[in-house]
Structure formats: C-alpha cells, structure tokens
Amino acid sequence: MNNIPTVMILFGGSGDLAHRKIYPALFNLYRRNVIHDNFAVIGTARRPWSHEYLREQVAQAVHESWEEVDEAQLTEFASHFYYQSHDVTNVEHYVTLKQLAQELDERYECGGNRIFYMAMAPSFFGTIAEHIADQHLTGTGFNRLVVEKPFGTDLASAEVLNQQIRNSFAEDQVFRIDHYLGKEMVQNILPLRFGNSLFKRIWNADAVKNVQVTLAERLGVEARGDYYNNSGALRDMVQNHIMQIITLLAMPEPKDLSDKAIHAAKEDLLASLVIPDEKAVSENIIRGQYLGTETTFEYVKEPNVAEDSKTETYVAGRLEFSKGPLAGVPVYFRTGKEMREKKTRVDVVFKDEAGLYGDKAKTNVLTIEIDPVNQVYFRLNGKIVAGGDLRLERFRYRYSEDEQAEVPDGYERLIHDVFVNDSTNFTKWEELKQYWRFVDAVEAAWQKQNAAGEKPVKYRPYGMGPDTSKILADPEDGWIYK
Ligand code: BG6
C-alpha cells in the first residue's frame, strides 16, 4: 500500500526512542512510499522546541541511522514534522493539539486518519488516553493507537489502563508494541513450525523433551536504574518478549495466517498456561542479581538503585501449558543483565530414543538464533569420516550478507504494520492478561520470600548467571546453550 494519508501524533517526540527508532523508521517508510505527500507528524513533549528545531532533530536522527541519505528528500520529509509543546496533564493543551491536527489534516489531505503513538513515560499513558477521549482528539477516518511497553506494572494496573484506552479505541485499533515481534527470526517461528511437515509432525509432547529460551544481555542496567529497579528482569523481559516467543513456540496451528486466526490460536494456548503457586515458584523460578567487578558496579551500587534493593537482574524458570501441542512439556527460560554475551536463542530439544547406537547418538536439537545472528540449525548425528562412530553435525541456514542487509529494523516493520493495519505482530489484550497473571503470581511469591528474608542470588557478572540446576528436571543435559 502506498502513500497512506495520516496525521501521526507522537507523545514523546523529544525522547530517545523517537530519536533512535521512530524517526529513522518513518524516514524509511517515506523512502518506500508507504507514507509520502499526505502525512504529517506532530511531535509533542514538554520542552519548548520549535517546528524548525524538531525538523533538525529528525534530520539528525536519520543521519545517525542511515548511511546513504538523499538530502533533498530528507528536507522534504522533515518538512512534514510539527512540534507542539505539551503538558500531558493540561486539558487546554489537548485542545490546541486537536486544532493543529485538524489544520494539518486539511493541509496534507489526510482524510481524518490519525495514529496516536505513546512513546513516553508509561505513567502518563492513562492520562493521555483519557484526554484523547474527553477532548475528542480522534479523527473522522481511521484511528489507531500505538502503545509502548510496559503496559501496566501488574494485571490490576494494566486493566485500568486498558479501560482508559477503550474509551476511545476498540481492541482492534490498539497496537501494543513488543519489539521482539518485529525481529526476523521471531517472525520465522511460525513458518518453520508450520511450513515444514518434518517439524509439524514432531512438534508434540511425544517427541519434544523440552524447550529452552535464552535472552542473555551483556549490558547492565546503565542509566536506567530508576525504571529498572521498579521493574526487574521478570517484568522487563519475561512478561513480554519471553512470553511472546514461548507463545509462538507452543501455540496450536492457526486456521489460517490472518491476524485474527493467529491471535485466536495464541489465546487458546494461553488459557492453559499453568499459573504457579508459591511452592511452584520457589521450586521452579530462580532470581539473581549481579555483583560488581573492578570496573563495573554491583547492581545495588548502580545510580538510582537502593542499597538493599531486591530487584532481580536475572531470572530463570520453568513453565508449562496444560493444552496445545506441547502440553506438559517443560519450557525453560532465562534472561539476565551482565551475562557472558548478547545471545537470544531458542533450543527445541527432542527426546532420545534407545537405539542401535546407544549413547553415541546424541540428542537432536533445533536451534533458532534470534540475535546477534539470524540463523537456524538442527543438530543431528552422522558417521565420522572413514569410521563407524558417530559425530554431531549441524544442518544450518543463515542469511547471506546481502540478505542480512535487507532485514528491516524491527521498529520499521512494526510501524509499517500499523500503517497497513496488520496487528499480527502486536500483543492483544487477552495475551497480555495471561502474561500478567503469570508474572503477578511470581511477584506475589517473591514478596513473601522477601518478607521471610530471602533475596535474589548474587551472581558473578559476565558469566551465565546463578546456578539453575534446581529447575532443570534433567541437570545432566542441562541447558543446550552453556
Ligand atoms: C527492552 C528492555 O524491552 O529490551 C531492555 O527494556 C532490554 O532492558 C531490551 O535491554 C533488549 O532488546 P534487544 O532488542 O536489544 O534484545
């Protein structure tokens, strides 16, 4: 689809996310003609910027992200940006915003289409949503709302926020961003599962021994202590990214590839997510906190983190579903800051069969690497050269450098999907609700543990985190990615 007429109102126009991700993505969509003559973006934030200053910022952001830029094209693109200084709690400001949106709508012939994008501190999402409703900011064409994470801090707050949003937007107009759903290899999970009869036939509890999801990060919390200390690894990475990946791995086959069918299959699965009680949390979930090194801070010494903070910078656990193709199969997950290296991957571990080759035949594993390299490999046994013994081999495919260069940034892909109204790769309310139920149960158990004086386990930075053997039913095999 080309040149989709839209006025976008971006809350958080002076922010880091807009600069690093949204402006460069919009520029590429402009180059690709998804938006062109009939669009305007109103950037809002508290700072007193001018239109001109915002345009300079947009141009700078584009330069920082893209090497080859046609300057005339960039100037033309940036001329569609307008700045409105905005205090989200001030009702008057929404009136001004509405007038500007209407003016721009007429000037650029946008047909009353609006995209509202919440890219700022989440504590304001609810207020903005309310004022969009009470000041009638929505247009006469299509209206869509893009919301960044975190969507609430628990189920109760997410429900309140959702209600506030639903005053102006129906569920199918809400695009809750999970940037992992924009990643190439995350989008490859369904094609791998349902495009190959080989995997389709063995993707079940008879053949799969366990599933392992690892989201390891090398970086610490850096300057985000304020946010992170109230969040922790569970809310920051498990509630959204890890849960979405697991959902794609465990959901039943959708009826077709429409966004409705895919979300229906996800919902089906998630209704059977086993919510752990206190005992299960203490047996199946481990939380950790990183120590310092000579050159890096221990977590509790990071800026804006309390000395006695019990926030986890690492979490590993085991969960399962009671229905779906992998019903009863253990799903292991882990994520942490200051781990050995950046690595995002999934390992699907198949059951061993006693056979002619005994122990010499090793476990088959399908690995999907999401970051830093887009690749898929299948571990299997073959014979050694000129001998009878076995050795492990890999069937592998990865993208060529040229293909790799073509992979769009996750944000560009997701913002594109908002323009074309494709909600496949966004989090629906029913999914989010189940994710929060799981996270709330874990948090509640941890609160009790805290009250009893228990703390996250300290771990040495730049390794693989705390000892996780207690959650692994089969510590001998353990994690495939060690
Ligand atoms: C974000 C988290 O959602 O994802 C960050 O808030 C984390 O803490 C980031 O670093 C990781 O994303 P990516 O794409 O670098 O793996």
Side-chain angles (χ1 to χ4, degrees), residues 12 15-22 24-25 65 118-123 125 146-153 158 175-189 213-246 248 287-290 296-297 299 302-305 309 311-316 333-346 368-375 404 407-415 425-427 431-432 435-436 439 461-462 465 481:
D16 184 54
L17 182 70
H19 195 91
R20 278 188 309 110
K21 295 290 183 184
I22 303 174
S65 283
M118 293 195 199
M120 51 165 352
S123 50
F125 291 171
V146 187
V147 199
E148 283 292 333
K149 63 156 252 209
F151 196 97
T153 52
F175 294 76
R176 295 180 196 82
I177 294 232
D178 181 324
H179 79 282
Y180 269 62
L181 291 177
K183 290 185 189 264
E184 184 71 9
M185 281 297 149
V186 174
Q187 295 198 351
N188 202 7
I189 294 176
V213 178
T214 301
L215 269 60
E217 292 189 274
R218 175 86 187 171
L219 294 177
V221 300
E222 308 206 289
R224 298 165 74 221
D226 232 358
Y227 151 77
Y228 196 86
N229 203 46
N230 290 317
S231 158
L234 183 70
R235 290 195 179 95
D236 189 47
M237 298 292 273
V238 179
Q239 187 271 341
N240 35 62
H241 313 321
I242 286 191
M243 283 299 193
Q244 279 290 0
I245 292 173
I246 292 176
L248 290 167
R287 53 183 173 147
Q289 204 181 58
Y290 60 76
T296 58
F297 289 126
Y299 176 69
E302 294 278 16
N304 299 321
V305 174
S309 169
T311 299
E312 76 291 353
T313 60
Y314 174 98
V315 57
F333 61 86
R334 60 185 162 163
T335 181
K337 300 277 186 199
E338 298 206 351
M339 308 268 289
R340 191 177 60 225
E341 58 180 346
K342 171 78 182 173
K343 183 73 83 178
T344 308
R345 65 183 258 176
V346 168
I368 304 169
E369 184 168 322
I370 297 161
D371 272 320
V373 181
N374 293 311
Q375 59 178 338
Q404 184 68 39
V407 174
D409 175 73
Y411 260 91
E412 181 181 329
R413 195 170 239 161
L414 296 176
I415 295 174
N425 290 307
F426 293 84
T427 304
E431 296 153 28
L432 194 83
Y435 299 160
W436 274 128
V439 166
Y462 311 121
Y481 170 63

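In listed order, ligands and their atoms are each counted from 1.
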Between ligand 1 and D236, can you find any atom pair, the residue atom being a heavy atom, that is separated by under 4.0 Å?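 Contact check D236 vs ligand 1: positive.
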What's the shortest distance from atom 4 (O) of ligand 1 to any protein heavy atom, and which residue and atom give it?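 So the nearest neighbour among protein heavy atoms is H179 CE1, 3.4 Å.
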Identity and distance of the protein heavy atom lying nearest atom 15 (O) of ligand 1: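 For atom 15 (O) of ligand 1, the nearest protein heavy atom comes out as K342 NZ, 3.3 Å.
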Heavy-atom nearest option to atom 10 (O) of ligand 1, drawn from M237, R235, E217, K183: E217
Taking the side chain as C-beta and beyond, is there a heavy-atom pair between M237 and K337 under 4.5 Å?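 SC-SC contact between M237 and K337 ruled out.
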Find out whether L219 and R224 are in side-chain contact, i.e. whether some heavy atom of one side chain is under 4.5 Å from a heavy atom of the other. no
Do Y180 and ligand 1 have an N or O pair less than 3.5 Å apart?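 N/O-N/O distance below 3.5 Å exists for this pair.
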Answer yes or no: does an N/O atom from H241 fall short of 3.5 Å to an N/O atom of ligand 1? yes
Is the shortest distance from a Lys or Arg side-chain nitrogen in R345 or E369 to a carboxylate oxygen in the other one below 4.0 Å? no
Looking at K21 and D409, is there a salt bridge between them, counting it only when a charged N and a carboxylate O are closer than 4.0 Å?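 Salt bridge present between D409 and K21.
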Quick one: pull up OG1 in T344 and CG in D371 and give me the separation to the nearest 0.5 Å.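 So the OG1 of T344 and the CG of D371 are separated by 4.5 Å.
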Taking atom CZ of R20 and atom OH of Y411, what is their separation to the nearest 0.5 Å? 8.0 Å
Taking 4.0 angstrom as the limit and counting only heavy atoms of K337, give me the atoms of ligand 1 inside it, by number and element. 5 (C), 7 (C), 8 (O), 10 (O)
